[in-house]
Amino acid sequence: MNWASYPAFGDRVLSMIGIEVHWIILQYILGLPLLAVIAEIIWLKTRDERWLKVAKTIAKGFIMVFAVGAAMGTAAEFGLVLLWPNLTEIAGKYIYFPLYAEIFAFMMEVVFIYMYYYGWEKLPEKAHVVVGLLALTGAWFSATMIVSVNCYMQAPTGILLGSYAKGYPKLTLYVPSTIVSALNVTTLQLAGMDVLGKAGNSVIVAMPSKIVKVIVADAVAGKTVSHSVLWKVLTPAAKTKLANVTVMAILDAIMFDTVRHIGVYTVTFKSPVFAPSVLHAVGSGIVVSAFTVMAFFAYSFYKRGSEHAKLGYKYGAVFSLISIVYQGFVSGHEMGVAVAEWNREKFAAILHGSPPFVEKMELALAGVKNIVSYNQIPLWLRPPTIIHYFYYTKVTLAVLLGLSALVIVYMLFVKKKEFCSPYMLILPVIAQLVSFLGWAVREVGRKPWTIYGIMDVKTAHTINPPPLWVDFLVEAYFIGLLILLCYAVYRFLWKAGEVKA
Amino acid sequence: MILEFLALTFGLHILLVNLAIGLSTVIPLMKRAGERGNKELILIARKLMKFYAATYGLGGVLGTAFTVFLLSFYPGFIGLAGNIAFVPFALSILLICLHFISIVIYWYGWDKLSPETHFLAGVAMMTSAILIPLGFRAIFGFLNAPVGLELQPKIHLDTLKALSNPTFLTLYPKSIFASYTLTFFLLSAVFAKKEISLKFAKYGLVTLSITALLGIAYAETLRTIAPYKFANALGFLFGIQAKYNVGWLFALKMLFVTIQFVAIAYFLKSKRAIFAEIAGVSASISVVAGELLNAFSQYPMLIANVSGIPANVATQLENILNMAKPNPLTTMNSLYAITLAFLVPLLACFAFLVYMIAKD
């Protein structure tokens with residue numbers, strides 16, 4: 001399937017660019033405070049002033065980019081509201097809590113990041129470290145909340161996978177008995193619904209996604225029951241009673257009941273892909289930050305030969321190697337296992353067209369014996385095959401990054417040679433590209449769904465999309481802002497040379 | 001508690017963004033004036049910019065908090081707004097991005113860019129700050145009366161018509177002048193022992209007078225096109241029955257507006273700092289009271305006047321535009337406890353940050 005053939009291509013690209021610009025920047029907020037705080041702790045232990053200078057330089061880096069990252073986060077949030085308002089409404093209604101809690105995380109970031117930067121000489125040394133740790137906590141807390149919502153979109157809590165012929169994927173729903181009594185259960189069972197049991201006043205059912213997505217689409221379109229798919233499955237008595245009730249009211253009753261049973265505050269955290277996704281997302285921020293720190297100090301050492309730059313370079317190199325090993329062998333592996341198990345269409349699209357030995361290797365790594373082949377997937381569930389290319393480009397570049405870090409650490413610590421070159425500045429760019437491609441596999445690979453098994457792209461989309469030229473203008477604007485920010489960092493952090501904290 | 005949380009985040013957001021609009025205007029102009037030979041002005045501008053660079057983020061966060069609270073409590077309303085209000089929201093958001101990057105360039109470019117380039121960055125900071133509320137105020141105008149709402153061929157917003165909403169045309173300039181009044185009076189209080197304080201006080205007096213006139217004009221537009229809201233806010237003055245009387249907020253606002261006039265007059269006469277401080281605090285209270293009055297006088301309706309909307313559509317929208325019917329998953333005491341557990345210490349830490357910067 002062609003990636004452009006899914007609905008709302010222009011707005012999907014705009015969202016992708018807006019969120020990616022935010023992601024490019026915010027990864028530094030996930031990683032740089034960690035590097036700065038550790039450098040500061042080492043300074044406290046050793047009293048070697050070079051460590052303090054390293055910590056302050058890193059802190060100046062993240063304080064400069066934080067503001068624009070936060071503004072781009074606001075832009076991304078409003079982008080979701082304006083381009084995908086029906087998704088926003090559904091998320092705000094049923095899985096609002098992590099978005100709500102993210103506000104407190106965001107406040108933590110804003111308060112403690114600035115306190116960390118402006119408090120160097122004003123706070124006691126140990127208190128300053130604590131403030132740094134709180135800033136880091138805010139950033140990771142924020143990432144955890146947002147990623148949890150994304151996890152629900154990838155693999156909603158209660159999703160059941162099985163044979164396509166038997167109507168899978170299905171979603172576990174708690175249907176209030178008042179609604180059950182209005183439904184013709186036999187008709188629904190013939191359409192693939194399974195009754196799983198009872199819980200209080202609710203009946204637990206496994207509802208085929210094919211039905212769920214139509215009900216959701218009817219609900220957001222503002223249809224009444226008499227004009228919706230529900231009409232076909234109502235008992236004659238219920239038809240008279242519910243004809244003019246909105247489908248949204250019925251959906252609300254079912255979803256509120258479902259979320260209450262699963263846990264209002266925990267529903268997104270129970271997504272089966274939550275833990276590996278958070279570990280992998282935070283890991284990505286650390287990898288990008290570590291490679292950027294390494295390249296920045298290496299280039300600084302190459303140009304100026306200062307002692308603190310040499311130390312920063314070595315520090316960044318060790319961090320780069322450790323983080324990329326963690327990202328590849330620990331969180332990346334866990335992520336792969338979760339995708340193979342819970343995003344099987346995506347996994348099939350990733351492997352589609354791979355040589356047999358690569359496919360075997362991937363299956364062995366993911367610990368699965370058999371997978372659905374791409375061609376076995378029903379057309380309406382197929383993700384775009386472009387993610388195959390995204391994925392393998394990502395893996396190749398990530399391996400290159402890992403080897404680069406290994407060689408650099410070997411040269412620095414084993415051969416004792418301060419190997420550095422201006423070409424090292426390409427490493428953080430590659431790290432960003434790897435991160436982008438990983439994210440693209442995750443997001444593009446979720447198509448045709450916006451929330452897997454619940455809401456498709458067309459349903460999530462605004463009824464008043466902007467014209468394509470507006471999309472282009474806004475995309476150019478975001479990219480322009482990113483270039484301006486890069487220039488500002490170059491001009492005020494790099495060219496300024498010395499930190500004036 | 002829902003209304004209280006909305007009021008708290010919105011009130012603090014408004015206070016900080018009003019200050020942001022004022023500081024974004026004052027700082028580049030003051031520095032530019034200082035470059036003609038007055039080093040003290042440059043010094044003051046730099047101190048103000050340091051304060052602004054450290055605190056503007058929280059104003060933005062509180063704005064986001066308000067939006068997310070609205071999304072959680074009234075998701076249907078945000079869904080509707082998202083479907084129809086692309087232009088005004090997008091305009092404001094793109095300007096917020098420009099404003100944030102211009103702050104970075106202006107602050108970190110201090111003494112590193114040529115005076116002309118630096119001033120240009122300041123102009124970008126000032127212009128974006130003044131224009132950000134344009135889109136948001138257009139939305140507020142729409143919430144007074146849905147001018148520009150078209151139902152055919154599908155529900156959408158005619159942006160040009162929406163911008164001709166009389167409540168928007170008066171509310172937007174009133175907001176800008178109110179920002180300047182607040183900033184001038186606060187600066188007058190902060191620098192009360194310096195000569196420049198008198199200038200701030202005089203500027204503030206002028207902008208306060210203009211704000212008051214625009215306030216009367218805004219109230220008149222409400223009387224004609226959003227009578228329900230007018231009755232709730234000002235009905236007690238005209239013997240009009242109010243369904244949700246928030247006249248006390250109006251009275252509070254007027255009390256503090258009067259105090260501002262009196263205090264600043266005394267300050268100009270006696271030059272005693274206490275009067276400037278009273279004017280500064282009063283300006284803050286009256287801005288917050290005015291915004292809360294404007295936001296909640298249409299309670300329980302999110303759109304104050306729905307009389308122009310056909311009955312069948314109005315019925316459909318009834319639930320999602322009713323503030324008395326929040327998302328049932330958010331009406332739990334545990335959620336309020338969680339909110340307070342985070343908000344109180346975080347706001348205390350923010351106060352400490354402000355103190356730390358101000359002490360410097």
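Keep in mind it's a predicted model, so treat the numbers as computed, not measured.
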Turns out that what part of B/Ala85 lies under 4.5 Å from chain A's heavy atoms comes down to backbone

Can you classify the ring geometry of A/Phe78 versus B/Phe89 as parallel (below 30°), tilted (30 to 60°) or perpendicular (above 60°)?
tilted

With a 4.5 angstrom heavy-atom cut-off, could you sort out which part of A/Ala75 is near chain B: side chain, backbone, both or neither?
both

To the nearest 0.5 Å, what is the distance between CD1 (B/Ile101) and CD1 (A/Ile483)?
11.0 Å

Please look at B/Tyr56 and chain A and tell me whether the side chain, the backbone, both or neither of the residue comes under 4.5 angstrom of a heavy atom of that chain.
side chain

Shortest non-hydrogen pair, B/Gly79 vs A/Pro85, comes out as O-CB, 3.5 Å

Does the side chain of A/Tyr477 come within less than 4.5 Å of B/Leu98's, by heavy atoms?
yes

Report the C-alpha separation of B/Lys50 and A/Tyr118 in whole Å, then their side-chain angles, then the decisive distance to 0.1 Å, and conclude whether the side chain to side chain contact (heavy atoms under 4.5 Å, CB included) test is met.
CA-CA 10 Å; B/Lys50 184 175 182 181; A/Tyr118 286 98; 3.7 Å; yes

I want to check something: taking the side chain as every heavy atom from C-beta on, are A/Val111 and B/Phe352 in contact at a cut-off of under 4.5 Å?
no

Identify which part of B/Tyr74 has an atom lying under 4.5 Å from any heavy atom of chain A, answering side chain, backbone, both or neither.
neither

So A/Val81 and B/Phe86, do their side chains get closer than 4.5 Å, heavy atoms only?
no

Rounding to 0.5 Å, atoms CG (A/Leu482) and SG (B/Cys97) come to a distance of 11.5 Å

Which residue out of A/Ile90, A/Thr88, A/Ile463 racks up the most heavy-atom pairs below 4.5 Å with chain B?
A/Ile463

Hey, does B/Leu113 have a side-chain heavy atom less than 4.5 Å from the side chain of A/Phe492?
yes

Name the option with the most non-hydrogen atom pairs under 4.5 Å to chain A; the candidates are B/Val87, B/Leu353, B/Val61, B/Asn83.
B/Asn83

Going by distance alone, is a donor N or O of one side chain under 3.5 Å from an acceptor N or O of the other, for B/Thr55 and A/Tyr114?
no

A/Phe104-B/Phe342 aromatic ring centre distance below 6.0 Å
yes

At a heavy-atom separation under 4.5 Å, does B/Phe5 approach chain A through its side chain, its backbone, both, or neither?
side chain

Contacting region of A/Val65 [heavy-atom separation from chain B under 4.5 Å]
neither

Mind running side chain to side chain donor-acceptor pair (under 3.5 Å) on A/Tyr100 and B/Thr330 for me, showing each step along the way?
CA-CA 10 Å; A/Tyr100 190 93; B/Thr330 60; over 6 Å; no

Does the side chain of A/Glu89 come within less than 4.5 Å of B/Leu71's, by heavy atoms?
no

Below 4.5 Å from any heavy atom of chain A, which atoms of B/Leu157 appear? Answer side chain, backbone, both or neither.
neither

Separation between CG of A/Leu481 and CG of B/Leu94, rounded to the nearest 0.5 Å
8.5 Å

Is there a side-chain contact between A/Phe112 and B/Cys349 (heavy atoms, below 4.5 Å)?
yes

A/Phe66 portion near chain B, given a 4.5 angstrom heavy-atom threshold:
neither

Atom CG of A/Asn201 with >12 non-hydrogen neighbours under 6.0 angstrom
no

Please look at A/Leu123 and chain B and tell me whether the side chain, the backbone, both or neither of the residue comes under 4.5 angstrom of a heavy atom of that chain.
side chain

I'd like to check B/Ile105 versus A/Leu484 (side-chain heavy atoms, cut-off strictly below 4.5 Å). Are they in contact?
yes

With a 4.5 angstrom heavy-atom cut-off, could you sort out which part of B/Asn327 is near chain A: side chain, backbone, both or neither?
side chain

Do you know which of B/Leu347, B/Ile338, B/Leu343, B/Ile96 has the most heavy-atom pairs with chain A at a distance under 4.5 angstrom?
B/Ile338

Checking A/Val489 against B/Val104 for the side chain to side chain contact (heavy atoms under 4.5 Å, CB included) test, could you report, in this order, the C-alpha distance in whole Å, the side-chain angles of both residues, the deciding distance, and whether it holds?
CA-CA 9 Å; A/Val489 172; B/Val104 170; over 6 Å; no

Proximity breakdown for B/Ser92 and chain A, heavy-atom pairs closer than 4.5 Å:
neither

Relative to chain B, which segment of A/Lys93 carries a heavy atom at a distance below 4.5 Å: side chain, backbone, both, or neither?
both

Within 6.0 Å of NZ in B/Lys161, more than 12 heavy atoms from elsewhere:
no

Checked B/Gly57, B/Gly60, B/Ser72 vs chain A; the most non-hydrogen pairs under 4.5 Å come from B/Ser72

Using a 4.5 angstrom heavy-atom cutoff, name the option from A/Val110, A/Leu83, A/Asn464 with the most pairs to chain B.
A/Asn464

Which atoms of B/Ile103 are under 4.5 Å from chain A, going by heavy atoms: the side chain, the backbone, both sets, or neither?
neither

From B/Leu329 atom CG to A/Asp252 atom CG, the distance as rounded to the nearest 0.5 Å
9.0 Å

Measure across A/Leu82 and B/Ala90 and return the closest heavy-atom pair with its distance rounded to 0.1 Å.
CD1-N, 3.8 Å

Between A/Val220 and chain B, which part of the residue has a heavy atom less than 4.5 Å away: side chain, backbone, both or neither?
neither

Any side-chain to backbone donor/acceptor pair from A/Arg491 onto B/Gly109? Under 3.5 Å, distance only.
no

Value rounded to 0.5 Å, distance of CE in A/Met64 from CH2 in B/Trp107
12.0 Å

Quick one: are A/Tyr265 and B/Leu335 in side-chain contact, heavy atoms under 4.5 Å?
yes

Contact leader toward chain B among A/Glu109, A/His461, A/Glu102, A/Met108, where contacts are heavy-atom pairs under 4.5 Å:
A/Met108

Quick one: which of A/Ala488, A/Ala71, A/Gly73 has the most heavy-atom pairs under 4.5 Å with chain B, could you say?
A/Ala71

